[in-house]
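First comes the structure, then the notes that go with it.
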Amino acid sequence: MIGAGPAGLTAAWDLAERHHPAVVLEADDIVGGISRTVERDGWRFDIGGHRFFTKVTAVEKRWREILPEDDFMLRPRSSRIFYQGAFFDYPLRLGNALRGLGVIEATRCVLSYLGTRIRPPEDQTTFEGWVAARFGWRLYAIFFKTYTEKVWGVPATSIQADWAAQRIKNLSLSRAVFNALDPRKGKTEVTSLIDEFHYPRYGPGMMWEEATRQIEMRGIPVHLEHRVDRLQHSDGKVRTVHVDTPEGPKSFEASEVISSMPINLLVQAMDPPPPPDVLRAAGTLRHRDFLTVALVIPEGHAFPDNWIYIHSPEVRLGRVQNFGTWSEWMVKPGRTCLGLEYFVNVGDDLWEMADEDLIALATREIESIGLISPGEVEAGYVVRIPKAYPVYDSGYAEKVDLLRRWLAENTTNVHPVGRNGMHKYNNQDHSMFTAMLTVENIFGASNDVWSVNVEDEYIEEGVTNTGRDAPVLPAPVEFHAVEEVKAALVVPTRDERENVAPLLERLPEHPALERVLFVDDSTDGPAAEVVRLGRTSGRPRISARHREPAERWGGLGGAVLEGIKLTDEPWIAVMDGDLQHPPELLSRLLDRAAGGDVDLVIATRLNWDSVAEGLSPTRRLLSATAGKAATALVGERIAGIVDPLSGFFLVRRSALDVDALDPTGFKILLEILATHPGMRTAEVGYEFGRRQSGSSKGGIVEGVRYLRHLASMRRRIRTES
């Protein structure tokens, strides 16, 4: 067996029961694979959170054989979604959802849902369109978009609808409301609504540590730090497995090989090597990686949930576990440990970040969203897990099929099992079941192992597909390491002279900010104020371009476009000069862009009740009308964007077609979104402030211009289609 995770150890257990000689080779220094329990200084961490619940009878029986009943605890499932400072229970509870969203936002969500009933999204082949059709655009943006994009690192429009249908099957807004009102417990007809699950006293690794002990007692050794280097094959079978160990190279003769190592690495390790087309397919299969930052805090300051999903777009944090609620045996008296989960790629900025910097980042993020108060963190630990999730790009199935066929034709005694062994998004119960069936096959059965997690007889739910698959993503998807960002800030101004000095004072000293350019349509002379306060050398350079009345084409949108044309930095930030958009936030936009996976970073106004407080009654009405008009006319292009009317954003110059822009008025971000449908976006939240000086550009005349602009964009979209 190659690999001592759930699949490899299950195969070893079955072989031990048959008294068949075998050996387990594990590259890591710990058993369990991603189902391990990591221990640091007496703290125990569950990597990803493993609920022990299955409807595969053989797997349930095996769990009970490995661990005594006393080591299994029955735990209540408790998980919530955190968004814009509010908690939302899951499964959905109607009263909680209404209180969290507020009456205004809840009404908007219902109206948005009804709107999709009348006018469904045109493209429901993507995750975004599929979910929006069943929940409405606003609920999609709140409860689905941000978290999904954090997990997979690509826009939700790039994920195929079939994954959504599997992961969210049997759920819709109407069904969620029904479940919220249904008092019955123990609902298991939908995986996401399970109320209770079993859990080992010391975490999931306890299962596999005990399995290893019993397997070795039965005569099958489990060798750690034995990394497979080469599989020597001839006459259609692998004959020898060569490994690297701390003591040097070793070799093991093999009659059968059960492998849970990544199938692409398995194929690449074959000697002699496969043909070039097979190696190319192996080289382009990809994985999503994972890291946990564990923070120790006083027990009384923690939340009561097993885990909380972080849908707030302003942080990169994806999910938080409270290990103490999974099992009090995993933490120390009076303290608990929070596991902050980040979905990453090997080589990107988070993966390469030093442990102490990751701990500091995680501490800042969890404090910034208010889950804990400043000063509560007492210690921190970092655990990195490569190849945690197999990525399904648009060509993955053909690649996996090619590798399968080559193995079947050239190494008939090699049997891929488990999540990475089959490049299949299996949970541990499915991984175990593939191993059980494989051992049966070695002794004469003819099970279709690759149908586990697909065919009805192998599934959890009793319906086709179990909801365990990963999404199909576009290929190739480029995952970048940290990117060097150089940016110019364009500030359109009109009659806001008093804002210039405080705006410049509040700008962050960020190494990526090269230049600040005010494009001025004023009559009160802010251009002269810029010249007085600014500088044309050093970093950032500060300058102004005053437009005379005859030059003021396009309104503030035209001023922004002129500023874009007058600068040459690779990134352009745009910020209204009203100080309602905090200049300090620019650092976070620039840092988000440095991740290398986005083209447009939007500063999104959080807490719309606070936004309304910063607006006059007329502006509130105009703002609400503007949003509804945008949704009606260009809704498919701004779907999932929380704040498409923001006046603060950062855009990659190379992703921007300047010639496609024809601004009229002041909502140029909306035009960028409408005319650049393939742009990769991210949002960073902030609290909208009150205007410091100057007056709003909104009004009846500007509103008419805005509606004309929307109509023009709608015509352009139809022409493109």
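Sequence positions, counted from 1, serve as the residue numbers for this chain. Only heavy atoms go into these numbers, but all of them, side chains included; no hydrogens, no water, no symmetry mates.
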**OP:** Look up atom NZ in Lys150 and atom OH in Tyr309, then write down how far apart they are to the nearest 0.5 Å.
**Re:** 13.5 Å

Original post:
Is the centre of the Trp326 ring less than 6.0 Å from the centre of the Phe197 ring?
Top reply: yes

Original post:
Are any of the side-chain heavy atoms of Leu669 and Val574 separated by less than 4.5 Å?
Top reply: no

Subject >> Residues Arg108, Glu105: salt bridge by 4.0 Å N-O rule >> reply: yes

**OP:** Report the residue from Arg680, Arg653, His676 that forms a side-chain hydrogen bond (donor to acceptor under 3.5 Å, both in side chains) with Asp599.
**Re:** Arg680

Original post:
Counting N and O atoms only, with roles assigned by atom type, does the side chain of Asp46 sit under 3.5 Å from a partner on the main chain of His50, one being a donor and the other an acceptor?
Top reply: yes

Original post:
What do the steps show when you test Arg652 against Trp571 for side chain to side chain contact (heavy atoms under 4.5 Å, CB included), and what is the final call?
Top reply: CA-CA 5 Å; Arg652 187 194 300 268; Trp571 288 82; 3.5 Å; yes

Subject >> His510 side chain reached by Asp591 side chain, heavy atoms, under 4.5 Å >> reply: yes

Original post:
Can you find a pair of side-chain heavy atoms, one from Phe649 and one from Glu683, that are under 4.5 Å apart?
Top reply: no

Original post:
Got a second to check how far Leu600's CG is from Leu656's CG, nearest 0.5 Å?
Top reply: 9.0 Å

Original post:
What do the steps show when you test Thr681 against Lys145 for side chain to side chain contact (heavy atoms under 4.5 Å, CB included), and what is the final call?
Top reply: CA-CA 11 Å; Thr681 62; Lys145 179 180 187 292; 4.1 Å; yes

Original post:
Between Thr292 (side chain) and Gly339 (backbone), is there a donor-acceptor pair under 3.5 Å?
Top reply: no

Original post:
How far does CD1 of Ile310 sit from CD of Glu341, to the nearest 0.5 angstrom?
Top reply: 10.0 Å

Subject >> Flag, side chain of Ser112 to backbone of Trp137, donor-acceptor distance under 3.5 Å >> reply: yes

Original post:
Met679 and Ile672: which non-hydrogen atoms are nearest, and at how many Å?
Top reply: SD-CG2, 4.0 Å

Original post:
Mind checking what makes side-chain hydrogen bond (donor to acceptor under 3.5 Å, both in side chains) contact with Arg117, not counting sequence neighbours?
Top reply: none

**OP:** May I ask you to decide if the ring planes of Tyr140 and Phe144 are parallel, tilted or perpendicular, using 30° and 60° as cut-offs?
**Re:** parallel

Original post:
Got Glu314 and Ile369 here, is their nearest side-chain heavy-atom distance under 4.5 Å?
Top reply: yes

Subject >> Side-chain heavy atoms of Phe303 within contact of Arg80, under 4.5 Å >> reply: yes

Original post:
With a 4.5 Å limit on heavy-atom distance, are the side chains of Leu507 and Leu586 in contact?
Top reply: yes

Original post:
Donor-acceptor pair, Thr325 side chain versus Asp305 backbone, under 3.5 Å?
Top reply: yes

Original post:
If you look at every heavy atom in Pro374 and Glu367, which pair is closest and at what distance?
Top reply: CA-OE2, 3.2 Å

Original post:
How close do Ile372 and Leu338 get, heavy atom to heavy atom, and via which atoms?
Top reply: CG2-CD1, 4.0 Å

Subject >> Aromatic contact, Phe143 with Phe135 (centres under 6.0 Å) >> reply: no

**OP:** With rounding to the nearest 0.5 Å, note down the distance linking CD1 in Ile366 to CG in Leu371.
**Re:** 5.0 Å

**OP:** Kindly give the heavy-atom pair with the smallest separation between Ala86 and Gly100, and that separation in Å.
**Re:** CB-O, 3.8 Å

**OP:** Over all heavy atoms of both residues, which pair between Leu317 and Glu365 is shortest? Give the atoms and the distance, please.
**Re:** N-OE1, 3.1 Å

**OP:** Would you check, one step at a time, whether the test side chain to side chain contact (heavy atoms under 4.5 Å, CB included) holds for Thr148 with Val131?
**Re:** CA-CA 12 Å; Thr148 300; Val131 175; over 6 Å; no

**OP:** Starting at CG of Asp349, measure out to CZ of Arg316 and round the result to the nearest 0.5 Å.
**Re:** 4.0 Å

**OP:** Side-chain contact test, heavy atoms from C-beta onward, threshold under 4.5 Å: evaluate it for Ser79 versus Asn306 and give yes or no.
**Re:** no

Original post:
Cys109 versus Ile142: any side-chain heavy-atom pair under 4.5 Å?
Top reply: yes

Original post:
Please walk me through it: do Ile572 and Val560 pass side chain to side chain contact (heavy atoms under 4.5 Å, CB included)?
Top reply: CA-CA 10 Å; Ile572 310 105; Val560 170; over 6 Å; no

Original post:
How are the rings of Tyr389 and Phe343 set relative to one another: parallel (under 30°), tilted (30 to 60°) or perpendicular (over 60°)?
Top reply: tilted

Original post:
Are the side chain of Asp578 and the backbone of Gln580 linked by a donor-acceptor contact shorter than 3.5 Å?
Top reply: yes

**OP:** Can you measure from CH2 (Trp351) to CZ (Phe290) and round to the nearest 0.5 angstrom?
**Re:** 10.5 Å

Subject >> For the student: nearest non-hydrogen atoms of Tyr147 and His311, plus distance >> reply: CB-NE2, 3.5 Å

Original post:
Ignoring hydrogens and geometry, is there a side-chain-to-backbone donor-acceptor pair from Arg319 to Gly48 under 3.5 Å?
Top reply: yes

